[in-house]
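Step one of this worksheet: look at the structure below.
As the structure is a computational prediction, the values presented were derived from the model and not from experiment.
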Amino acid sequence: MEQRRKSIVEFVNREGAVSFASLKAAFPNVSEMTLRTDLKFLDQVNQIIRVYGGAKSVNYVVGTDDLLSRRSERNKDKKVQIAEKAAAVFQANTTIFLDSGSTVTELARRIPDQDCLVFTTGIDCACELAKRKQPIVHLLGGRLNRTSMCMTGVTPLTELERLHFDVAFLGISCYSQEAGFGCGSEEDCELKRAAIRRSARTVMLMDSAKIGLSSTYTVCGLDEVDTVISDGGVDRLFAEACETSGVQLL
């Protein structure tokens, strides 16, 4: 039992945030009841944080284990798969907004060297696009968030409200049927909301492990986005919800 619980903590710490479905897949020989008992115990002894639909690393919740460099290595194969799908729907001669974050940075690495106007709050995104010749890149100003390597605060919000985008590519922390798409930062949430308001089309980039999780701040509902790009591992209920809402699922 002690070794199993240690393995659960290691799995949660490695992933940062996990759904209960991901835990069941990672520990197929452990019953659902035993897993729930383990999560309850580990939460009580402050080794993980139980959340609706799963669990999070303690360091992830308090913000000490959420460096962009660390997030980039979590579910790396899924991030690459999502980014490749997103790059395939990219269109030249458009104005786009790129969110910050590890998955969006993977997309920035794959955007073709074609004419386009790109606005971003992500420093790493801007650096990747600087390797191209044709895209015109605007890094929105603001206060530097050293953990996430992005610009935040009132300034980028003000700038966003003066712009209009053909499409916004947004990274997201979680999705639940009850709360919609969410994230753990109020400032990040407000930036995403502003980008959605100012975009003709909104594309959410989300790996399937984030389905079933919820966070403090709700960005928007499923019916407020146009496309969700994932890794192909979404469950049937989410796929049906997308179809009902008229959301393209890639």
Side-chain angles (χ1 to χ4, degrees), residues 15-17 66-140 145 147-152 156 160 163-175 181 183 188 191-192 195-196 198-211 219-220 225-234 238-239 242 247-250:
E15 300 299 324
D66 203 24
L67 294 172
L68 181 62
S69 58
R70 293 174 184 170
R71 294 205 311 269
S72 297
E73 295 307 313
R74 294 186 185 126
N75 295 325
K76 177 77 172 181
D77 56 338
K78 292 183 178 181
K79 297 178 195 296
V80 170
Q81 186 178 356
I82 293 166
E84 289 176 345
K85 287 183 180 181
V89 303
F90 170 83
Q91 293 181 330
N93 301 308
T94 55
T95 299
I96 68 173
F97 174 77
L98 286 184
D99 197 7
S100 61
S102 55
T103 304
V104 184
T105 300
E106 288 291 343
L107 168 59
R109 291 191 179 104
R110 291 163 175 79
I111 286 180
D113 193 1
Q114 299 175 351
D115 286 331
C116 60
L117 187 57
V118 183
F119 292 82
T120 184
T121 54
I123 295 174
D124 283 1
C125 287
C127 289
E128 290 296 334
L129 290 166
K131 300 173 184 177
R132 314 289 197 277
K133 293 182 178 180
Q134 297 190 61
I136 298 174
V137 183
H138 291 261
L139 180 62
L140 299 180
N145 182 324
T147 300
S148 297
M149 291 301 292
C150 68
M151 310 308 293
T152 189
L160 279 174
L163 300 167
H164 178 78
F165 309 105
D166 294 305
V167 58
F169 292 95
L170 304 180
I172 206 71
S173 298
C174 58
Y175 173 83
F181 295 101
C183 65
D188 188 30
L191 277 169
K192 294 181 194 299
I196 292 170
R198 305 305 299 169
S199 300
R201 180 183 173 208
T202 299
V203 179
M204 287 292 189
L205 309 181
M206 180 184 69
D207 76 63
S208 57
K210 295 177 179 178
I211 297 174
V219 175
C220 66
V225 307
D226 300 282
T227 302
V228 175
I229 300 180
S230 192
D231 51 79
V234 302
F238 182 77
C242 286
V247 175
Q248 182 184 31
L249 177 62
L250 298 176

From CA spacing to verdict: side-chain contact (heavy atoms from CB on, under 4.5 Å), L98, L129: CA-CA 11 Å; L98 286 184; L129 290 166; 3.8 Å; yes

[X] versus [Y], closest heavy-atom pair with distance:
X: R110; Y: A83; answer: CD-CB, 3.9 Å
X: K192; Y: L170; answer: O-CD1, 4.0 Å
X: D166; Y: A200; answer: O-CB, 3.6 Å
X: S199; Y: V167; answer: OG-C, 4.3 Å
X: C125; Y: T120; answer: CB-OG1, 3.7 Å
X: S208; Y: S230; answer: N-OG, 3.4 Å

Taking atom [atom1] of [X] and atom [atom2] of [Y], what is their separation to the nearest 0.5 Å?
X: K210; Y: S173; atom1: NZ; atom2: OG; answer: 6.0 Å
X: D99; Y: T105; atom1: CG; atom2: OG1; answer: 9.5 Å
X: D113; Y: R132; atom1: CG; atom2: CZ; answer: 6.5 Å
X: K131; Y: R109; atom1: NZ; atom2: CZ; answer: 7.0 Å
X: L117; Y: T94; atom1: CG; atom2: OG1; answer: 9.0 Å
X: L139; Y: F119; atom1: CG; atom2: CZ; answer: 11.0 Å

I want to check something: taking the side chain as every heavy atom from C-beta on, are [X] and [Y] in contact at a cut-off of under 4.5 Å?
X: I211; Y: M206; value: yes
X: I123; Y: C150; value: no
X: D231; Y: K85; value: no

Check against side-chain contact (heavy atoms from CB on, under 4.5 Å), L163 and F97: CA-CA 10 Å; L163 300 167; F97 174 77; over 6 Å; no

Evaluation steps, side-chain contact (heavy atoms from CB on, under 4.5 Å), between I111 and I96: CA-CA 11 Å; I111 286 180; I96 68 173; 4.1 Å; yes

Test side-chain contact (heavy atoms from CB on, under 4.5 Å) applied to R198 - qualifying residues, sequence neighbours left out: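 side-chain contact (heavy atoms from CB on, under 4.5 Å) check on R198 returns E161, F165.
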
Plane angle bin for F181 and Y175 - parallel if under 30°, tilted between 30 and 60°, otherwise perpendicular: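 If you compare the ring of Y175 with that of F181, the planes turn out tilted.
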
Over 12 non-hydrogen atoms of neighbours within 6.0 angstrom of CD in Q91: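 No, CD of Q91 has 12 or fewer neighbouring heavy atoms, counting only those of other groups under 6.0 Å.
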
Candidates T103, V104, L107 - the one meeting side-chain contact (heavy atoms from CB on, under 4.5 Å) with I82: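 The single option meeting the side-chain contact (heavy atoms from CB on, under 4.5 Å) with I82 is T103.
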
Test side-chain contact (heavy atoms from CB on, under 4.5 Å) applied to L140 and L191, step by step: CA-CA 11 Å; L140 299 180; L191 277 169; 5.9 Å; no

